[in-house]
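Numbers here simply count residues along the sequence, with the first being 1. Treat the numbers as computed from the prediction; the structure is a model and nothing was measured.
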Amino acid sequence: MNSIEAKSKIESLRTELHQHNHNYYILNSPEISDKEFDMMLKELESLEKEFPEFDDPLSPTQRVGSDLSKGFEHVVHTHPMMSLSNSYSIEEVDDWFDRVRRGIGSDDFEIVGEMKFDGTSISITYQNGRMVRAVTRGDGTQGDDVTANVKTIRSIPLQLQPGNWPDEFEIRGEILMPWEVFEKLNAERAYNEEPLFANPRNAASGTLKMQASKEVAKRHLDARFYYLLSDNLPYDNHYDNMEAVKRWGFKVSKAMAKLHSLEEVNKYISYWDVHRKELPVATDGLVFKVNSLRQQLNLGYTAKSPRWAIAFKFNPEKACTPLRFVSFETGRMGIVTPVANLEPVLLSGTIVKRASLHNDDIIQELDIHEGDWLYVEKGGEIIPKITGVEVSKRQSNASKIQFVTKCPECGTQLVRIYGDAAWCCPNHYGCRPQITGKIEHFCARRMMNIDGIGEETAEMLFDCGLVEHIADLYDLTADQLKSLERMGEKSAQRIIDGIEASKSVPFERVVYALSIPNVGETTAKRIASAVKTMDNMLAMSEAELTEIPDVGPIIAKCIYDYLRNPVSIDNIKRLAKAGVQMSLSEEKLAPKGNALEGKTIVISGTFSHHSRDEYKDIIEREGGKHTGSISKKTSFVLAGENMGPAKREKCEKLGIPMVSESEFLEMLNNQ
């Protein structure tokens, strides 16, 4: 094939593939099979490789993304991305409607109702029908250029369908992670012992800011668009412009409707409060906009939001479902947790079957009886919560739920933790779920990172008598593992390699991995930084331990008692003998900076230059302290993109400064 023939074939394949992509992702009516599509794509890839002179950054082959990592360039928005004022009741929407009527001076106006999708905002610029740049909302004035990542989202056109589109325009929308994709992603993260995403919004936002677009492509993000900006719009009203956008190849909410009266607006709210649960993506409300662009212009803006639009927020999703039974489950630290096992109910796009009741006090406070109908709420978050009981449905002879008095696993008499609502099994070294939980925790990614040992494998190793204490892991051989059920030669070797690699895990993570009561990841870092070596920690008194930052009398006693237990002492000795790190590295022992000395910092949002964990390390290295909640003692909040509105509001209320990522890094560089 010569160069002219190749160019013709490449252009033909690109046109066909763009059309098939549109048919599949926008119209939901594919005309060819997945296999045929993949064969065409492979043919195009091969030709582009052979004839690189015909490279096109918007070729369908670019949808797979790249392994290359790069920082995100900051881009100033041509038009600021303002937020909408929120309402939480129909009465507030009614008041807004009246203000619009007074502002226009007549009843001659239309309202467009739209679904408010719960994702991460995006602004995309097109020139001559081709995608030019995609930018996140950022702080509303400027955002991050994420074009490479957005190009991997197949429901967003790289090349527009034929139409009356302007030569240049900006379109705004939400990047979304469908419920189905979200559930699969969290299942994978749970399997790999990674922290779960709280909701699809966080998952979409985190995905969009990943450094490798090839990884973004694997997440199967989606999008919905809701606003068009241009000096040459095709129509003089919002509704017709969005209908045009749909014809050009963009996904627009099917819920979009023209409303002509307050009664129609209220009916629209009532309808979608129920039917939004059937949608494949997360929503958190509705948006109402004045349809006429001329009337929008006349109504104008406040300092923060347009007067011609308002967002209506749905109340958290709630359902009432029967309680099947309450189970009591013993965890790694011996805490016994009651769990409500429910008749399955659909909430926020997922089936809820179980919800934690946390402790005996909650059961008593809710006054839960056997067979009760319970109100369960999700509010868009992944963790369901029991919020009440429908007493009118209670059976007259129903017995009150009683908390167990003995461990459901080993039968040991439970003890109440002083100053806490929890009941605990004190058989810490003889209770199966406590032992296997400690093994699983020790091997997890943020601790010793021993690949291949999750919950099931930890239980199997214990049940087979191979691992009773964490130090036993370092005596395992590949031959022992290969003999286990569902354990092949490769899996066995992967575990052995992981155990060997864990010997280089830093001391602070070793402290966390030991499962010392009340010692979490942050506290473990504080302890390791203060004691320097395990020998020093073993020699410290309770009073000396209390002097460590963030270690009060209760935690000090937990550490002291743990380090005096014969099983713990034996474990530590054997781990040290196996080669596990029992002191800080030379790098950590080196003198620290003092740029943040005496400052207490809260980290919130997502970041482009470093991960949250890396920022925690930077803060500690520079003499600062990071905490999870905002208080009067907070020096400032390191505010990334998508900082939660509740934290932002608390900052404003308490007068706590919010420092952007770039300002924070500049602060450190200037020291």
Side-chain angles (χ1 to χ4, degrees), residues 193 330-334 410 425-484 487 491-521 524 527-528 531-540 558-585:
E193 290 103 32
T330 306
R332 170 174 62 98
M333 304 308 289
C410 68
C425 171
N427 186 18
H428 298 304
Y429 298 99
C431 181
R432 182 178 182 272
Q434 295 191 60
I435 296 170
T436 59
K438 288 180 175 70
I439 296 168
E440 181 189 0
H441 174 82
F442 185 83
C443 298
R445 181 171 165 267
R446 298 173 75 87
M447 298 76 180
M448 304 304 284
N449 195 24
I450 300 175
D451 193 17
I453 302 183
E455 181 181 0
E456 289 185 15
T457 305
E459 290 174 351
M460 181 169 62
L461 290 171
F462 175 76
D463 293 339
C464 292
L466 290 177
V467 180
E468 185 176 351
H469 304 296
I470 52 177
D472 296 335
L473 289 162
Y474 293 85
D475 295 330
L476 290 174
T477 65
D479 288 338
Q480 287 176 318
L481 294 173
K482 279 189 293 185
S483 65
L484 300 177
M487 182 73 72
S491 297
Q493 191 58 50
R494 180 160 59 109
I495 291 174
I496 295 300
D497 290 344
I499 291 170
E500 183 62 32
S502 73
K503 295 175 183 178
S504 61
V505 164
F507 176 53
E508 58 270 24
R509 281 170 54 188
V510 175
V511 174
Y512 182 32
L514 291 175
S515 288
I516 302 172
N518 288 314
V519 174
E521 186 174 14
I527 293 167
V531 303
K532 306 293 191 295
T533 72
M534 181 60 74
D535 285 342
N536 288 343
M537 188 159 70
L538 284 163
M540 293 173 82
C558 288
I559 299 169
Y560 186 82
D561 290 347
Y562 176 90
L563 295 175
R564 291 282 149 332
N565 184 283
V567 176
S568 301
I569 294 170
D570 183 62
N571 260 326
I572 290 168
K573 286 180 178 178
R574 291 174 60 200
L575 289 172
K577 189 175 180 181
V580 173
Q581 299 297 311
M582 290 295 167
S583 63
L584 286 177
S585 65

Do [X] and [Y] have side chains that approach each other closer than 4.5 Å (heavy atoms only, starting at C-beta)?
X	Y	result
N571	F442	no
K532	F507	no
K503	Y474	yes
V567	D570	no
V531	V511	no
V467	I453	no
D451	D497	no
R574	D475	yes

Atom pair [atom1] ([X]) and [atom2] ([Y]), whose distance is rounded to the nearest 0.5 Å:
X	Y	atom1	atom2	value
L563	C558	CG	SG	11.0 Å
F462	D472	CZ	CG	10.5 Å
N565	I516	CG	CD1	11.5 Å
I559	M540	CD1	CE	8.5 Å
Q581	M534	CD	CE	11.5 Å
K577	M582	NZ	CE	13.5 Å

For [X] and [Y], which heavy atoms make the closest approach, and how far apart are they?
X	Y	answer
I470	K438	CG2-O, 3.9 Å
E508	A524	O-CB, 3.7 Å
M333	Q434	C-OE1, 3.8 Å
E521	R446	OE1-NH2, 3.1 Å
A492	A478	CB-O, 3.9 Å
L514	Y562	O-OH, 3.1 Å

Query - Residues I495, M487; criterion side-chain contact (heavy atoms from CB on, under 4.5 Å); working and verdict - result: CA-CA 10 Å; I495 291 174; M487 182 73 72; 3.7 Å; yes
Query raised in the report: Could K482 and D479 be called an ion pair, given the rule that one side-chain N must be under 4.0 Å from one carboxylate O?
Result: yes
Query raised in the report: Quick check: are there more than 12 heavy atoms from other residues, nucleotides or ligands sitting under 6.0 Å from CD of E456?
Result: no
Report task. Count the heavy atoms belonging to other residues, nucleotides or ligands that lie under 6.0 Å from NZ of K573, then report whether that count exceeds 12. Result -> no
Query raised in the report: Are side-chain N/O atoms of S568 and Y429 paired as donor and acceptor at under 3.5 Å?
Result: yes
Requested in this report: Could you walk me through whether T457 and I439 pass side-chain contact (heavy atoms from CB on, under 4.5 Å), step by step?
Outcome: CA-CA 10 Å; T457 305; I439 296 168; over 6 Å; no
Query raised in the report: Ignoring hydrogens and geometry, is there a side-chain-to-backbone donor-acceptor pair from R445 to I450 under 3.5 Å?
Result: no
**Report entry** Test side-chain contact (heavy atoms from CB on, under 4.5 Å) applied to N449 and R509, step by step
**Finding:** CA-CA 10 Å; N449 195 24; R509 281 170 54 188; 3.7 Å; yes
Requested in this report: Could you give me the CA-CA distance, side-chain angles and deciding distance for V505 and M447, then say whether side-chain contact (heavy atoms from CB on, under 4.5 Å) is met?
Outcome: CA-CA 8 Å; V505 164; M447 298 76 180; over 6 Å; no
